[in-house]
Amino acid sequence: MIKFFLMVNKQGQTRLSKYYEHVEINKRTLLETEVIKSCLSRSNEQCSFIEYKDFKLVYRQYAALFIVAGVNDTENEMAIYEFIHNFVEVLDEYFSRVSELDIMFNLDKVHIILDEMVLNGCIVETNRARILAPLLILDKMSES
């Protein structure tokens, strides 16, 4: 099960955070700081899976963005690693080569995409067309 999902730039600024378990606000800040520090300090040659406290971190780097998922010990790391890649592919398809600015200025749409893919910490959808369908309908309605 996914406990949280973060998108962070190389400067350590959180661009998106989504928690699937209750974490108090002050603890979220501390958690994000520690998680970001542990991911940013690793080299490209090191494994993208980190044992951290009572869960595992799975992360991928795309240009200047790190996407980090905190998962419980029973979750398959490779499945989450591929899920992160699928998430980025969906963003790429919707935004035509997604960038950090796309995420910053369209955070609501990024949340909709993530919500279509993950429900209560469980991956429920990976098909790009089905993930993007509600968003494309919303876009058509806003154009009218």
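- Residues Val8 and Cys39 form no side-chain contact, since every pair of their non-hydrogen atoms from C-beta on lies 4.5 Å or further apart.
- Distance check: Lys3 NZ to Leu31 CG gives 10.0 Å after rounding to the nearest 0.5 Å.
- Under the 4.5 Å side-chain heavy-atom criterion for grouping Ile, Leu, Val, Met, Phe, Trp and Tyr, Tyr20 is connected to Met7 within one hydrophobic cluster.
- Cys47 is listed as a side-chain neighbour of Arg42, based on a closest heavy-atom distance under 4.5 Å.
- Residues Leu65 and Val88 form no side-chain contact, since every pair of their non-hydrogen atoms from C-beta on lies 4.5 Å or further apart.
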Show your working on side chain to side chain contact (heavy atoms under 4.5 Å, CB included) between Phe4 and Arg28 and close with a plain yes or no.
CA-CA 10 Å; Phe4 60 86; Arg28 283 184 186 189; over 6 Å; no

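- Contact record, Ser17 with Glu32: CB-OE2, 3.6 Å, taken as the closest heavy-atom pair.
- Within the 4.5 Å cutoff, the side chain of Phe87 has no heavy atoms near those of the Arg60 side chain.
- Atom CG of residue Asp92 and atom NE2 of residue His85 lie 8.5 Å apart, to the nearest 0.5 angstrom.
- Ser38 approaches Leu57 most closely through the heavy-atom pair OG-CD1, 3.7 Å.
- Here the closest heavy-atom approach between residue Gln13 and residue Asn9 is recorded as OE1-ND2, 2.6 Å.
- You'll find the side chain of Glu75 reaches within 4.5 Å of the side chain of Asn72, heavy atoms only.
- Taking CG from Asp73 and CG from Asp54, the interatomic distance works out to 7.0 Å, rounded to the nearest 0.5 Å.
- Separation of atoms OG1 (Thr14) and CG (Leu6) is listed at 6.0 Å; rounding is to 0.5 Å.
- Other residues, nucleotides and ligands contribute over 12 non-hydrogen atoms within 6.0 Å of the CG atom of Asp108.
- Under the 4.5 Å side-chain heavy-atom criterion for ILVMFWY residues, a single connected hydrophobic cluster contains both Val118 and Leu91.
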Could you go through the side-chain hydrogen bond (donor to acceptor under 3.5 Å, both in side chains) check for Tyr94 and Asp139 one step at a time?
CA-CA 11 Å; Tyr94 182 74; Asp139 288 348; 2.4 Å; yes

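- Residues Ile80 and Ala69 share a closest heavy-atom pair of CG2-CB, 3.7 Å.
- In this structure, the side chains of Lys109 and Asp102 stay at 4.5 Å or more apart for every pair of heavy atoms.
- Here Leu138 contributes atom CG and Glu143 contributes atom CD; the two are 11.5 Å apart, rounded to the nearest 0.5 Å.
- Under a hydrophobic clustering in which Ile, Leu, Val, Met, Phe, Trp and Tyr are joined whenever their side-chain heavy atoms come within less than 4.5 Å, directly or via other members, Ile84 and Phe95 fall into the same cluster.
- Across Glu116 and Glu125, no two heavy atoms sit closer than the pair O-CB, 3.4 Å.
- The backbone N or O of Ala63 sits less than 3.5 Å from a side-chain atom of Gln61, completing a donor-acceptor pair.
- For the pair Ile123 and Met117, the minimum side-chain heavy-atom distance is 4.5 Å or more.
- Residues Val124 and Ile2 fall into different hydrophobic clusters, defined by Ile, Leu, Val, Met, Phe, Trp and Tyr side chains chained together at heavy-atom separations under 4.5 Å.
- Residue Phe66 holds its CZ atom at 10.5 Å from CD1 of Ile36, rounded to the nearest 0.5 Å.
- Both Val110 and Val90 belong to a single network of hydrophobic side chains, linked directly or stepwise wherever heavy atoms of I, L, V, M, F, W or Y lie under 4.5 Å apart.
- Using a 4.5 Å heavy-atom threshold, the side chains of Phe83 and Val58 count as separate.
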